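Keep in mind it's a predicted model, so treat the numbers as computed, not measured. All values below were derived from every heavy atom in this structure, side-chain atoms included, with hydrogens, water molecules and symmetry-related copies excluded.
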Amino acid sequence: QVQLVESGGGLVQAGGSLGLSCAASGRTFSSTAMGWFRQAPGKEREFVAAINWSGGSTYYADSLKGRFTISRDNAKNTVYLQMNSLKPEDTSVYYCAATQVYGVYSRRELYNYWGQGTQVTVSS
């Protein structure tokens with residue numbers, strides 16, 4: 001069992017930066033791939049970024065490459081999402097997710113553990 005708790009959300013002006021953290025419980029974190037997804041009101045949950053168990057491979061939604069960076073610290077059981085040059089359309093609830101299954105990490109069906117989400121609001 002893996003429990004995930006996100007933090008770091010908030011209100012930021014367009015063009016600003018925000019960093020999210022996701023703390024995971026459980027001794028299997030270092031063998032778990034992690035992902036970030038987001039969901040805006042009235043929209044489906046969409047893939048943001050993912051990172052494999054070692055941190056050696058990262059994956060991003062094409063539209064977010066260059067602005068968002070995912071990283072992890074296995075010693076701290078934590079995955080991070082650094083968001084730069086934020087836009088109003090980045091406003092969403094951001095969710096952290098975990099999977100121990102190898103696959104296409106952009107697919108939300110791959111993940112079996114989810115955090116409660118953290119709100120990110122970008123004002124224009």
Kindly write out the residues that satisfy side chain to side chain donor-acceptor pair (under 3.5 Å) with [X], not counting sequence neighbours, or none if the list is empty.
{"X": "S30", "answer": "none"}
{"X": "E46", "answer": "R38"}
{"X": "S57", "answer": "none"}

Please go through L4's hydrophobic cluster and name the other residues, only I, L, V, M, F, W, Y counting, with side-chain heavy atoms under 4.5 Å joining them. V2, V12, L18, L20, F29, M34, W36, V48, I51, Y60, L64, F68, I70, V79, L81, M83, L86, Y94, Y113, V120, V122
Who else is in Y80's hydrophobic cluster (ILVMFWY, side-chain heavy atoms under 4.5 Å, direct or via others)? none
Would you mind listing every salt bridge (charged side-chain N to carboxylate O under 4.0 Å, His left out) that reaches into [range], with sequence neighbours excluded?
{"range": "residues 4-21", "answer": "none"}
{"range": "residues 69-85", "answer": "none"}
{"range": "residues 48-63", "answer": "D62-K65"}

Shortest non-hydrogen contact from S124 to P88? CB-CG, 3.9 Å
Taking the six-membered ring for Trp, are Y95 and F37 ring centroids under 6.0 Å apart? no
Ignoring hydrogens and angles, tell me if any N or O in the side chain of T99 forms a donor-acceptor pair with the backbone of Y111 under 3.5 Å. no
Backbone of N77 reached by a side-chain donor or acceptor of N74 within 3.5 Å: no
Summary of disulfide bond (SG atoms under 2.5 Å apart) pairs that have at least one residue in residues 25-87, sequence neighbours excluded: none
Using the rule given for side-chain contact (heavy atoms from CB on, under 4.5 Å), can you reason through S7 versus T118, listing the C-alpha separation, both sets of side-chain angles and the distance that settles it, and then say yes or no? CA-CA 6 Å; S7 61; T118 186; 6.0 Å; no
List the atom pairs, with distances to 0.1 Å, where a side-chain N or O of residues 100-109 and a protein N or O form a donor-acceptor pair under 3.5 Å, not counting sequence neighbours.
{"unit_1": "Q100", "atom_1": "NE2", "unit_2": "T28", "atom_2": "OG1", "d": "3.0"}
{"unit_1": "Q100", "atom_1": "NE2", "unit_2": "T32", "atom_2": "OG1", "d": "3.4"}
{"unit_1": "R108", "atom_1": "NH1", "unit_2": "R45", "atom_2": "O", "d": "2.8"}

Is there a side-chain contact between Q82 and S17 in this structure, where contact means two heavy atoms from C-beta onward sitting under 4.5 Å apart? yes
I'd like to check the side chain to side chain contact (heavy atoms under 4.5 Å, CB included) partners of E89; sequence neighbours left out, ordered by chain and number. K87
Check whether more than 12 heavy atoms from other residues, nucleotides or ligands sit under 6.0 Å from atom CH2 of W114, and answer yes or no. yes
With sequence neighbours left out, what residues match R67 under salt bridge (Lys or Arg N to Asp or Glu O under 4.0 Å)? D90
Worked verdict on Q119 versus L11 for side-chain contact (heavy atoms from CB on, under 4.5 Å): CA-CA 8 Å; Q119 177 70 47; L11 175 64; over 6 Å; no
